[in-house]
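Here is the structure we will look at.
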Amino acid sequence: MDVAIHIPRAAAEIIGKLKRHGFEAYVVGGCVRDALLGREPGDWDITTPAKPEQVKAIFGRTVDTGIKHGTVTILRGRTGYEVTTYRIDGEYEDGRHPKTVEFTPDLEEDLKRRDFTMNAMAYNDDRGLVDIFGGQKDMEARLIRCVGRAEDRFSEDALRILRALRFAAQLDFEIEEETEAAARRMAPNLVHVSKERIQTELTKLLLSENPDQIRRVFDCGAARYVSDTFAKLDPERIAMGRGLPAKKSLRWAALLRQLEPAEAKQVLRELKLDNDTIAGVGTLVERWRLPAGRTQAELRRTMSRMTPELFDDLLRLKEGIMEYDRIPESREDLARIQADAAQIRARGDCISLKMLAVTGGDLIAAGMKPGRQVGELLARLLELVLEHPEKNTKETLMDAVSALADRCKA
Ligand code: ATP
Ligand code: MG
């Protein structure tokens with residue numbers, strides 16, 4: 001079947017330049033898959049028999065992104081195009097990286113090393129689609145199928161098991177029977193895969209349109225290889241639906257909300273997520289089942305405990321999960337809270353130490369000894385203005401400080 005893919009100009013120019021220097025070149029892998037599916041490809045990867053040194057000589061300015069594996073990146077504007085030499089992956093050590101990679105002049109060999117039939121297609125304008133393993137047919141049947149024997153492919157690199165689940169969730173595809181059976185059998189091999197690689201796939205799955213499919217990680221017996229704490233999740237209670245914005249901290253929080261906050265953070269630490277995400281998820285997991293604020297004062301107190309962005313996420317999380325889990329608010333309550341929060345922000349009510357009308361410096365200038373007590377007093381003043389925002393003036397607060405000091409002396 002004839003298909004045409006529109007290759008973006010910069011990628012087409014790279015392919016054209018390689019061709020003028022005597023090397024064939026194709027776009028390959030995920031971008032071909034996505035283009036055929038009518039999805040916007042994330043990046044356009046190029047494959048060619050030219051060796052990395054040859055590619056570098058032809059293009060001059062390149063970046064050695066994965067030179068050992070034959071990849072150099074060519075920058076065009078803000079976009080990087082990875083150009084990778086046709087290669088055969090050598091023997092795998094313990095299902096980690098291939099011990100060696102061997103370059104080859106044969107495109108077919110390069111396609112053979114790729115994980116799934118839908119990811120093993122190449123395309124250029126001269127030759128059209130190169131689809132040796134039936135990727136197009138599998139995509140029409142909405143099937144994810146390994147290239148070659150699934151069991152062998154999963155034992156070479158068990159991450160492919162999680163990639164299969166991730167693509168199934170992203171594309172709403174099924175996993176072909178033999179591939180699925182092999183995934184179950186080979187799941188224990190995930191013990192050899194790094195936590196970072198595992199995390200990347202799980203995060204992509206969670207950010208897909210079918211985040212609840214993360215359950216399949218449990219179904220195929222892979223959960224314990226993600227992390228011990230992750231395996232504590234009850235898959236029956238995983239439910240977040242499609243209503244949540246596709247944001248990393250929100251989706252992870254929705255997934256981990258059945259755990260204790262400390263456990264949720266533990267999972268993310270084990271998976272090497274960044275500290276911002278870990279802290280945010282910790283707060284969200286702790287607070288989704290608590291009232292955000294029944295009065296404006298309570299609401300200010302909640303807002304004072306987190307960044308504005310995290311507070312907005314907390315409301316989004318509550319809204320996204322309320323059809324699956326009991327939260328203290330009704331839909332009307334959430335709308336009211338949103339309106340109140342907007343008001344609090346518009347009025348500029350003090351909700352942080354930064355917004356307080358007095359500073360530590362003011363207290364010291366008024367005769368207080370520098371030290372821990374300054375911080376404690378500021379915290380008490382903040383509590384006071386959270387309750388009574390009109391008291392957030394320097395005069396009122398300094399009066400309050402003197403009153404407190406008198407009371408201490410008495
Ligand atoms: P995405 O849309 O998330 O980028 P992708 O399929 O492009 O998905 P990449 O990780 O960018 O995934 O990899 C590009 C290509 O490299 C894949 O399409 C596939 O052909 C090949 N590939 C990537 N990871 C593996 C792997 N673990 N085993 C075999 N082939 C792989
Ligand atoms: Mg890609």
Side-chain angles (χ1 to χ4, degrees), residues 5 7-8 11 26-48 65-66 69-71 73 79-99 101 107-123 129-136 138-139 144-173 175 179 182-183 186 189-190 192-194 196-210 222 246 248:
I5 288 177
I7 303 175
Y26 300 82
V27 289
V28 70
C31 62
V32 176
R33 174 199 69 222
D34 288 341
L36 292 175
L37 290 171
R39 293 165 57 95
E40 183 66 36
D43 35 37
W44 291 81
D45 297 332
I46 293 163
T47 189
T48 178
T65 32
H69 294 97
T71 303
T73 297
T79 314
Y81 294 86
E82 291 195 350
V83 178
T84 304
T85 309
Y86 296 166
R87 65 174 213 232
I88 302 170
D89 290 345
E91 207 184 307
Y92 277 70
E93 292 176 286
D94 306 338
R96 285 172 224 256
H97 291 306
K99 230 190 291 191
V101 305
L107 173 62
E108 177 163 352
E109 289 294 333
D110 181 85
L111 296 178
K112 218 190 263 179
R113 73 170 168 92
R114 295 171 185 272
D115 47 7
F116 305 114
T117 59
M118 63 181 185
N119 287 345
M121 293 180 280
Y123 180 94
L129 188 70
V130 182
D131 176 13
I132 300 167
F133 307 104
Q136 229 195 344
D138 282 338
M139 284 203 305
I144 295 165
R145 183 198 308 272
C146 281
V147 174
R149 264 194 75 203
E151 187 159 309
D152 295 344
R153 307 316 309 283
F154 289 149
S155 65
E156 285 165 2
D157 180 7
L159 185 75
R160 293 167 185 161
I161 295 167
L162 296 184
R163 283 174 59 87
L165 302 182
R166 183 260 282 196
F167 286 122
Q170 281 182 326
L171 305 174
D172 216 351
F173 277 21
I175 300 173
T179 297
M186 305 312 286
N189 273 30
L190 276 162
H192 303 299
V193 176
S194 78
E196 288 88 342
R197 294 178 80 209
I198 290 177
Q199 187 265 113
T200 307
E201 294 305 322
L202 296 184
T203 298
K204 285 185 178 179
L205 194 162
L206 284 173
L207 292 177
S208 75
E209 275 170 32
N210 300 290
K248 197 162 66 168

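One-based numbering, in listed order, for ligands and for the atoms of each.
Close approach to Gly29 involves these atoms of ligand 1, each under 4.0 Å from a residue heavy atom: 18 (O). Per-residue contacts place Arg166 under 4.0 angstrom from the following atoms of ligand 1 (heavy atoms of the residue considered): 1 (P), 3 (O), 8 (O). When each atom of ligand 1 is checked for a heavy atom of Lys204 under 4.0 Å away, the hits are 3 (O). Of all the atoms in ligand 1, the ones that sit under 4.0 Å from a non-hydrogen atom of Asp115 are 19 (C), 25 (C), 28 (N), 29 (C), 30 (N), 31 (C).
Between atom CG of residue Asp34 and atom CE of residue Met139 there is a gap of 9.0 Å, rounded to the nearest 0.5 Å.
Taking Thr203 as the reference, Gln199, Leu207, Lys248, Trp252 meet the side chain to side chain contact (heavy atoms under 4.5 Å, CB included) condition, with sequence neighbours excluded.
Here the protein heavy atom with the shortest distance to atom 14 (C) of ligand 1 is Asp45 OD2, 3.9 Å. Residue, atom and distance of the protein heavy atom nearest to atom 28 (N) of ligand 1 are Arg160 NE, 2.7 Å. When hydrogens are left out, the protein atom nearest atom 6 (O) of ligand 1 is Arg33 NH1, 2.8 Å; that is the closest non-hydrogen contact. Counting protein heavy atoms only, atom 16 (O) of ligand 1 is closest to Arg114 NH1, 3.5 Å. Residue, atom and distance of the protein heavy atom nearest to atom 20 (O) of ligand 1 are Asn119 O, 2.9 Å. Shortest contact from atom 24 (N) of ligand 1 to any protein heavy atom: Arg163 CZ, 3.3 Å.
Considering backbone and side-chain N/O of Gly30, one or more are found under 3.5 Å from N/O of ligand 1. Between Asp157 and ligand 1, at least one N/O pair is under 3.5 Å apart.
When you scan the N, O or S atoms of Asp43 for the one nearest the Mg ion (ligand 2), you land on OD1.
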Using atom types as modelled, flag every donor-acceptor pair under 3.5 Å from a side chain in residues 36-43 to any protein atom, sequence neighbours excluded.
{"residue": "Arg39", "atom": "NH1", "partner": "Gln170", "partner atom": "O", "Å": "3.4"}

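A salt bridge links Arg153 and Glu156; the closest N-O separation between the charged side-chain nitrogens and carboxylate oxygens is under 4.0 Å.
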